[in-house]
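Worksheet: one structure, shown below.
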Amino acid sequence: MTTALKSIKAIAPLLDRVLVQRIKAESKTAGGIFLPESAVKELNEAKVLAVGPGGVDKEGKRIQPSVAPGDKVLIPQYGGSPIKVGEEEFSLFRDHELLAKINE
Amino acid sequence: MTTALKSIKAIAPLLDRVLVQRIKAESKTAGGIFLPESAVKELNEAKVLAVGPGGVDKEGKRIQPSVAPGDKVLIPQYGGSPIKVGEEEFSLFRDHELLAKINE
Amino acid sequence: MTTALKSIKAIAPLLDRVLVQRIKAESKTAGGIFLPESAVKELNEAKVLAVGPGGVDKEGKRIQPSVAPGDKVLIPQYGGSPIKVGEEEFSLFRDHELLAKINE
Amino acid sequence: MTTALKSIKAIAPLLDRVLVQRIKAESKTAGGIFLPESAVKELNEAKVLAVGPGGVDKEGKRIQPSVAPGDKVLIPQYGGSPIKVGEEEFSLFRDHELLAKINE
Amino acid sequence: MTTALKSIKAIAPLLDRVLVQRIKAESKTAGGIFLPESAVKELNEAKVLAVGPGGVDKEGKRIQPSVAPGDKVLIPQYGGSPIKVGEEEFSLFRDHELLAKINE
Amino acid sequence: MTTALKSIKAIAPLLDRVLVQRIKAESKTAGGIFLPESAVKELNEAKVLAVGPGGVDKEGKRIQPSVAPGDKVLIPQYGGSPIKVGEEEFSLFRDHELLAKINE
Amino acid sequence: MTTALKSIKAIAPLLDRVLVQRIKAESKTAGGIFLPESAVKELNEAKVLAVGPGGVDKEGKRIQPSVAPGDKVLIPQYGGSPIKVGEEEFSLFRDHELLAKINE
């Protein structure tokens, strides 16, 4: 999806949506040699940039999201809504689609 | 969908529906040069024009919509019901289909 | 669907069903010139003729329909059950399928 | 479905099922001239013959059926379970599948 | 499904299942003439042989089955789990799949 | 599914799952003559070996399983998760998939 | 799914997800002879490495997971989200997808 946004910071996810940016794989080896682009694999790790207020349960109460901005998460291989701001790509997932937090 | 409406202001969305109008991409470059039509990409940003009273939960209470008229929102790539008033195009989405608010 | 009804007034929708009649587009231009039939587009506007008592929620209470006879509504492009009385066509929609009220 | 029943009166619908018989279209014109069989259209009007005690909601209470024996109803174009007793055809619908009552 | 059962009486249906045996159509005419096998139609009438204790609702209470052993019922044209004991065939339906009781 | 288990007794089903072993058909006739393997039909009878603690309902309470170890049951023709321990085959079904108890 | 993780210990599953590692089949026979790789079958046994806090029920309470780190479990033949850390493969399952605990 294309936007005319100047900054991704303008995005405030609604309900249980979580805005993430995929972490780029290292483009050089441990020894410092740059890898050709085709050898750089796409990772399923992402950084949480913004989190919606949470979905609403059947009694009208907010369901607390399970991640927070700054968290590193494991995202599923498929799904999510892609957003493009300038040349950068981001994704919106629903909170329950995120697989795991990554603690470092 | 075609209508014989004189003005989009006549539309009052029902239940959890939200009436939006897609924001048009700039048709000239930052330098002021007009872009050919084929180079103007369709944006996934829209302005909220009207919001229904909210859907009804299982206990008969209204679910508060998460956007308000005047909000700028990120809309999904597919879905929504298109409405045509004269030459202008609008869309109706359900509140939970909207992805994010855009704060400027 | 074909009926042997003498009048559409005999129809009393059940549960959350709403009986509507599509509004015909003007068959002549603003200047008074008659349009050929192929130029008359089918509109997605309809007039509500009759409304059922409302569906029943999980606690056995009626869900109040959101439209009333006489309302002008925006109907979805697909769906609804067509009814034919003589040469006239009508449709039955479920209340939640109607998109918006049209205020004039 | 074929049965060996002597009379349709033996059928007592279960739960929310409603036994109906489709109303036959007039086989002669207003002027009394008999129509060839191919010109007699199948109607979507039916007479209610018997009504089940009603389905059971999530709290174990019966949901009151919305029609009664003797009612004339508008039936959907598709669906229903056909039953054949001798040479006559009947149908079983679920209460919520019936579209409207026909008041005469 | 094949079993090594000696008698169908050993089968005690679980939850909301109902064990029935299809009623065979008469293989001779009213006048006493035997019909060739191909002329004997399969009926949708069945006799209830055994009934499970009933399914469990969301509050843990049993849902009372709507038929009892000995009842004659109208069964749907498709569905049910066939069971074969020796050369005889039986079927298991869920209680809500049965269409009607047949009172004689 | 292949396992490296020494004994099926190590398997403790989770939630509403039930571990069963299909009962083998007699491989000789009543008269004591051995049947060729192709003439031995697969039966839909099984012996319950182990039962999970039961699924959890919407209020967090365990749903009591309807069978117990040692029960003989009628299993559906399709479904279940096959497990292989050495050369022997077993299956895991969900409690509500079992069709009937077999009382002998 | 590819990750840039140094250690699988960084993964903290969210909601009802369970991180497991498939148990490798013995690559030599009881007699100590090494099997060719093609003869080593993939097992459906796995070791639980980490367990999420549990899903949330409709009243907002956590549903207690049915396994704990260190448990050996039977996993279904299909499903689960694969994760690759270096050369090692892991999977994330939802708690209710695990078939059985394996007690040794």
Side-chain angles (χ1 to χ4, degrees), chain A residues 15-18 20-30 35 37-48 51-68 70-80 91 93-104, chain G residues 1-22 46-65 67-69 71 73 75-76 78-98:
Chain A
L15 295 169
D16 63 343
R17 288 191 182 78
V18 177
V20 304
Q21 183 170 29
R22 207 179 268 265
I23 291 166
K24 287 202 180 68
E26 286 289 336
S27 58
K28 47 185 180 172
T29 64
L35 287 163
E37 191 140 331
S38 62
V40 181
K41 284 191 202 133
E42 194 166 64
L43 298 182
N44 287 89
E45 293 168 64
K47 190 154 194 158
V48 175
V51 178
V56 176
D57 73 11
K58 297 204 169 168
E59 263 128 58
K61 279 179 293 184
R62 290 275 175 200
I63 299 161
Q64 188 66 19
S66 45
V67 294
D71 280 355
K72 232 174 111 180
V73 292
L74 203 65
I75 55 175
Q77 204 139 12
Y78 303 105
S91 288
F93 284 93
R94 316 203 79 152
D95 180 65
H96 70 263
E97 292 170 344
L98 301 173
L99 296 171
K101 251 193 248 196
I102 299 172
N103 302 316
E104 284 166 315
Chain G
M1 299 196 319
T2 315
T3 67
L5 297 176
K6 303 251 154 53
S7 161
I8 190 66
K9 290 188 180 148
I11 298 282
L14 287 166
L15 294 169
D16 62 344
R17 289 191 182 79
V18 176
L19 178 71
V20 305
Q21 183 170 30
R22 206 179 270 265
K47 189 155 195 158
V48 175
L49 301 183
V51 179
V56 176
D57 73 12
K58 296 205 167 165
E59 262 128 57
K61 280 179 293 185
R62 290 277 176 200
I63 299 161
Q64 189 66 19
V67 295
D71 281 354
V73 291
I75 55 175
Y78 302 105
S81 304
I83 312 172
K84 213 167 169 181
V85 176
E87 286 312 298
E88 287 209 88
E89 283 186 28
F90 302 89
S91 288
L92 278 161
F93 284 93
R94 315 203 80 152
D95 180 65
H96 71 263
E97 292 170 344
L98 301 173

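Letters A, B, ... are given to chains in the order of the sequence lines, protein chains preceding strands, and every chain is numbered from 1. The analysis underlying the following values was restricted to heavy atoms, covering all of them including side chains, and did not include hydrogens, waters or symmetry mates.
- Nearest heavy atom pair, residue G:P13 against residue A:A100, reads CA-CB, 3.7 Å.
- In this structure, the portion of A:I75 lying under 4.5 Å from any heavy atom of chain G is its backbone and not its side chain.
- Neither the backbone nor the side chain of G:L19 has a heavy atom closer than 4.5 Å to any heavy atom of chain A.
- Within the model, atoms OG of G:S7 and CG of A:N103 stand 11.0 Å from one another, a figure rounded to the nearest 0.5 Å.
- Heavy atoms closer than 4.5 Å to chain G are found in the side chain of A:L74, but not in its backbone.
- The CD atom of A:E97 lies 12.0 Å from the CG atom of G:L14; values are rounded to the nearest 0.5 Å.
- To the nearest 0.5 Å, atom CG of residue A:D95 and atom CG of residue G:L15 are 6.0 Å apart.
- Other residues, nucleotides and ligands place more than 12 heavy atoms under 6.0 Å from the NZ atom of A:K72.
- For G:L92, the part lying under 4.5 angstrom from a heavy atom of chain A is the side chain only.
- In this structure, the separation between CZ on G:R17 and CG on A:L98 is 8.0 Å, given to the nearest 0.5 Å.
- Between A:E45 and G:L5, some side-chain heavy-atom pair lies under the 4.5 Å cut-off.
- Distance check: G:K84 NZ to A:L43 CG gives 12.5 Å after rounding to the nearest 0.5 Å.
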